[in-house]
**Q** 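Pasting a structure below so you can have a look.
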Amino acid sequence: MNFKTLPEKFYIRDTISVAKELPGKILVKKEGKKILSGKIVEVEAYIGDHDPACHAYKKFTNRNKPMYEAGGTIYVYFVYGNYHCLNFVTNKKGIGDAVLIRGIEPLEGIDIMKRRRIKAKTIYDLTNGPAKICLAFGIDKRYNYKKLYNGNLILTEGYKEKFKIIKSKRIGINTGKDFNYRFFIKDNPYVTKHEFNKTGIPINN
DNA sequence: TATTCGATGTGCT
DNA sequence: GCACATCGAATAC
């Protein structure tokens, strides 16, 4: 695979516009001679200006600093004492917006991902969750402040394909629940399925 | 300095 | 469907 790397200007736009276009793009990590890659299938937008679920909601702290960098910067944070989550910073420098990467479809380096996700029972469990992605790809806070267009972790264009993007409420948050800032590819099995209706049927899919 | 709790994943019921 | 591991960041004091 040899897709074109997305330029900085792709990210320096309205955050929702960027989030809607992320599904289908390819995340590529170079580890020496090895390549890990996967297609993004699910993301969530976080908007500092009006979104109480956003880490950069009306405050500037040591943790959320990378979110104020220019679009195209990587923001990785540590949660629940165990896990890391990967975000792409969007919008202009000084604005605290980012997009959380929640679901990826593995393409290359699947053998390596399996070794790092020893608990994953199926190939779908490898990268269908924000912390799972970081485990499979070996991403931690060292990637904070790195750029998505010139490092060993980059984002590229994807296949020319048609798919339907579904918009829904976000997952795992207690505030800002009303915003439909989650975007994912319809019927893709690598999308997380955390929301259920009362009869146990997964919704948002 | 102390306390609370989280943009999750896993395992058990 | 639910408990819990586990610890750093944020907030309270």
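Fair warning: this is a prediction, and the values are worked out from it, not measured in the lab. Lettering of chains follows the sequences in order, A, B, ..., and the numbering in each one begins at 1.
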**Q** Can you check the distance between C/dA3 and B/dC5, where both ends of the measurement are the C1' atom (answer in whole Å)?
**A**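 My reading of the C1' atoms in C/dA3 and B/dC5 gives 16 Å.
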**Q** For a quick test of reading the model: is some side-chain N or O of A/R117 closer than 4.0 Å to OP1 or OP2 of B/dT10?
**A**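 Yes, A/R117 has a side-chain N/O under 4.0 Å of OP1/OP2 on B/dT10.
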**Q** Output the rounded distance in Å from OH (A/Y83) to C1' (B/dC5).
**A**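 About 16 Å, once rounded to whole Å.
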**Q** Remember a base hit wins even if backbone is also touched, and classify A/L100 as base, sugar-phosphate or nothing at under 4.0 Å, heavy atoms.
**A**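 Base, at least one base atom sits under 4.0 Å.
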**Q** Which residue, A/N174 or A/K121, contacts DNA chain B at a nucleotide closer to its 5' end, judged by nearest heavy atom?
**A**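 Going by which nucleotide is closer to the 5' end, it is A/N174.
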**Q** According to a strict under-4.0 Å criterion, is A/R63 in side-chain N/O contact with OP1 or OP2 of C/dA10?
**A**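 Result: yes.
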**Q** Rounded to whole angstrom units, what separation is found between the CZ atom of A/F78 and the P atom of B/dG9?
**A**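 About 13 Å, once rounded to whole Å.
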**Q** For a quick test of reading the model, state the closest non-hydrogen atom pair linking A/R102 to A/I171 and the distance between them.
**A**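 For A/R102 versus A/I171, the nearest heavy atoms are NH2-CG2, 3.6 Å.
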**Q** Do the two ring centres, one from A/Y181 and one from A/Y46, sit under 6.0 Å apart?
**A**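 They do not qualify: ring centres at least 6.0 Å apart.
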**Q** Rounded off to whole Å, could you give me the CG-to-P distance for the A/N128 and B/dA7 pair?
**A**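 Result: 19 Å.
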**Q** Taking only the side-chain nitrogens and oxygens of A/K132, find out if one of them lies under 4.0 Å from OP1 or OP2 of B/dT10.
**A**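 A/K132 to B/dT10 OP1/OP2: side-chain N or O found under 4.0 Å.
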**Q** Return the value, rounded to whole Å, for the distance between atom CG of A/L135 and atom C1' of B/dG9.
**A**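 It is 9 Å, rounded to the nearest whole Å.
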**Q** Answer yes or no: does a side-chain N or O of A/K59 lie under 4.0 Å from OP1 or OP2 of C/dT11?
**A**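 Yes, within the criterion.
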**Q** With the side chain counted from C-beta on, respond yes when A/E21 and A/F183 share a heavy-atom pair under 4.5 Å apart, and no when they do not.
**A**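 Sidechains of A/F183 and A/E21: no contact.
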**Q** So what's B/dA7 paired with, Watson-Crick or G-U wobble, going by both distances under 3.5 Å?
**A**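 Matched B/dA7 with nothing under the 3.5 Å cut-off.
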**Q** Just checking A/H84 against A/Y77, ring centres under 6.0 Å apart?
**A**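 Judged by ring-centre distance (under 6.0 Å), A/H84 and A/Y77 do not meet the cut-off.
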**Q** I want to verify a distance call: between B/dA7, C/dG8, B/dT10, whose nearest atom is closest to the A/M67 side chain?
**A**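 Among B/dA7, C/dG8, B/dT10, the one nearest the side chain of A/M67 is B/dA7.
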**Q** What integer distance in Å separates A/D97:CG from B/dA7:P?
**A**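 It works out to 16 Å between those atoms.
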**Q** Quick check for you: among B/dA7, B/dG9, B/dG11, whose closest atom lies nearest to any side-chain atom of A/A131?
**A**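 Closest nucleotide among those given: B/dG9.
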**Q** Heavy atoms under 4.0 Å, any strand shown: does A/A53 hit a base, just sugar-phosphate, or nothing?
**A**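 Here A/A53 touches the bases of the nucleic acid.
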**Q** In whole angstroms, how far is the P atom of B/dT8 from the NZ atom of A/K119?
**A**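 Going from A/K119 (NZ) to B/dT8 (P), I get 17 Å.
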**Q** Tell me: OH of A/Y80 to C1' of C/dT6, nearest whole Å?
**A**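 For the pair A/Y80 OH and C/dT6 C1', the rounded distance is 12 Å.
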**Q** Rounded to the Å, how far apart are A/R116 CZ and B/dT10 C1'?
**A**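 These atoms are roughly 20 Å apart.
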**Q** Tell me whether the side-chain N/O atoms of A/T61 come closer than 4.0 Å to OP1 or OP2 in C/dA9.
**A**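 Answer no for this pair, as no side-chain N or O of A/T61 is under 4.0 Å from OP1 or OP2.
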**Q** Using purine N1 to pyrimidine N3 plus N6-O4 or O6-N4 for Watson-Crick, or N1-O2 and O6-N3 for G-U wobble, each under 3.5 Å, what pairs with C/dT6?
**A**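 Pairing partner: none.
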**Q** Does A/Y77 make a side-chain donor-acceptor contact with the base of B/dA7, cut-off 3.5 Å?
**A**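 Yes, the side chain and the base share a sub-3.5 Å donor-acceptor pair.
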**Q** How would you label the contact of A/K177 with the nucleic acid (heavy atoms, under 4.0 Å): base, sugar-phosphate, or nothing?
**A**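 Nothing, no nucleic acid heavy atom in range.
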**Q** Return the nearest nucleotide to the side chain of A/N82; candidates are C/dA10, C/dA5, B/dT8.
**A**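 Taking heavy atoms from C-beta onward, the closest nucleotide is C/dA5.
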**Q** As a test of reading the structure: which of C/dA10, C/dG8, B/dT8 is closest to the side chain of A/K141, going by heavy atoms?
**A**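 Minimum distance to the A/K141 side chain belongs to C/dG8.
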**Q** Check the pair A/E105 / A/N188 against side-chain hydrogen bond (donor to acceptor under 3.5 Å, both in side chains), numbers first and verdict last.
**A** CA-CA 9 Å; A/E105 176 178 335; A/N188 186 292; 3.1 Å; yes
**Q** Taking side chain as C-beta onward, heavy atoms only, is A/V41 less than 4.5 Å from A/I104?
**A**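 Side chain of A/V41 against side chain of A/I104, heavy atoms only: no contact under 4.5 Å found.
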